[in-house]
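First comes the structure, then the notes that go with it.
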Amino acid sequence: MRLKKLLVLSLAAVMGLSLAACGSKSDDSSKEKTYKIASDTTFAPFEFENKDGERVGIDLELLEAIAKEEGFKYEIDAVGFDAAMASVENGQSDGMIAGMSITDERKEKYDFSDPYYTSKVCFATEKGSDIEKLEDLKGKNVVAKVGTVGANYAEEMSKKYDFDVKQVESSAMMYQEVTSGNAAACFEDYPVMNYEITENGQKLEVPFISDEGSEYGFAVLKGENSELIDMFNSGLKKIKDNGKYQEIIDKYAKEK
């Protein structure tokens with residue numbers, strides 16, 4: 001009888017160790033997986049290709065620093081903003097980072113991280129223009145890039161200040177509209193516009209920056225990859241605490 005009891009206890013102990021080992025493996029699965037992260041192709045200073053052909057920018061360096069802190073692996077797929085959203089929605093990518101503003105509408109499809117950047121909208125004009133504020137745009141044509149917060153802001157302000165908004169497919173087309181005289185101003189997130197002027201030599205100036213801003217977040221499909229959001233938030237806090245976050249922001253975004 002004693003021997004039987006000992007055998008039963010031994011078997012239970014072995015099964016317990018087995019279950020513990022399985023649980024441990026499951027806990028580490030997020031560290032073993034390589035996540036596929038979709039991104040935009042060009043949205044300087046958040047993601048773009050430098051003169052050496054390397055993909056760099058705020059988003060990419062923040063993700064790299066966060067992954068290092070949290071110990072997870074990932075690969076970037078630079079497909080463009082709309083394609084990145086589609087890639088997450090159809091399950092081809094686990095998440096996306098692309099200067100994506102957190103909105104109530106997007107929250108219906110995505111789960112977002114804590115905000116990692118707050119960006120205000122501005123408008124830029126040709127150098128020497130006498131346009132300084134929204135009121136000065138009355139009766140004029142302005143331009144913005146399709147799908148951006150800048151375009152939404154311009155459309156909203158146009159109702160109040162009585163100007164016309166044209167939306168174009170690319171930033172290059174938007175800048176061309178202003179420098180060629182077809183539009184009085186172009187609307188965009190301030191860090192993007194400022195980078196174009198200071199680093200890429202756009203012959204524009206920024207007379208107006210909005211008081212309010214939009215928050216950027218890392219996104220996954222709603223209800224999926226919650227561990228990725230948790231790791232992003234944890235890593236973001238760590239790099240803010242250790243100074244790495246500000247180091248990256250200062251490297252790319254020279255705020256007014």
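All heavy atoms count here, side chains included; hydrogens, waters and symmetry mates do not. The residues of the chain are indexed from 1 along the displayed sequence.
- Grouping Ile, Leu, Val, Met, Phe, Trp and Tyr by side-chain contacts under 4.5 Å, direct or through others, puts Ile102 with Phe81, Met85, Val88, Met96, Met100, Tyr110, Phe112, Leu221.
- Among residues two or more places apart in sequence or in another chain, the salt bridge (Lys or Arg N to Asp or Glu O under 4.0 Å) test is passed with Lys133 by Asp136.
- Other residues, nucleotides and ligands contribute only 12 or fewer heavy atoms inside 6.0 Å of the CD atom of Glu64.
- The pair Lys244-Glu69 does not count as a salt bridge, with every side-chain nitrogen at least 4.0 angstrom from each carboxylate oxygen.
- Salt bridge status for Lys145 with Glu169: absent, with no side-chain N to carboxylate O gap under 4.0 Å.
- With sequence neighbours excluded, no residue forms a salt bridge (Lys or Arg N to Asp or Glu O under 4.0 Å) with Glu126.
- Residues Tyr195 and Phe48 bring their aromatic ring centres within 6.0 Å.
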Only pairs under 3.5 Å count here: list side-chain donor-acceptor contacts from residues 177-184, not counting sequence neighbours, and write none if there are none.
residue, atom, partner, partner atom, Å
Glu177, OE1, Lys166, NZ, 3.4
Thr179, OG1, Tyr175, O, 3.2
Thr179, OG1, Gln176, O, 3.4
Ser180, OG, Gln176, O, 2.7
Ser180, OG, Glu177, O, 3.4
Ser180, OG, Asn182, ND2, 3.2

Item checked: Verdict with supporting geometry, Ser129 and Glu205, side-chain hydrogen bond (donor to acceptor under 3.5 Å, both in side chains) -> CA-CA 9 Å; Ser129 168; Glu205 61 185 359; 5.8 Å; no

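- A salt bridge links Lys251 with Glu61: at least one charged nitrogen is closer than 4.0 Å to a carboxylate oxygen.
- More than 12 heavy atoms of other residues, nucleotides or ligands lie within 6.0 Å of NZ in Lys240, so this atom counts as buried by the packing criterion.
- Remark: Tyr116 engages no residue in a ring pair (Phe, Tyr, Trp, His ring centres under 6.0 Å) (not counting sequence neighbours).
- Contacts of Glu156 classified as side chain to side chain contact (heavy atoms under 4.5 Å, CB included), with partners at least two apart in sequence or in another chain: none.
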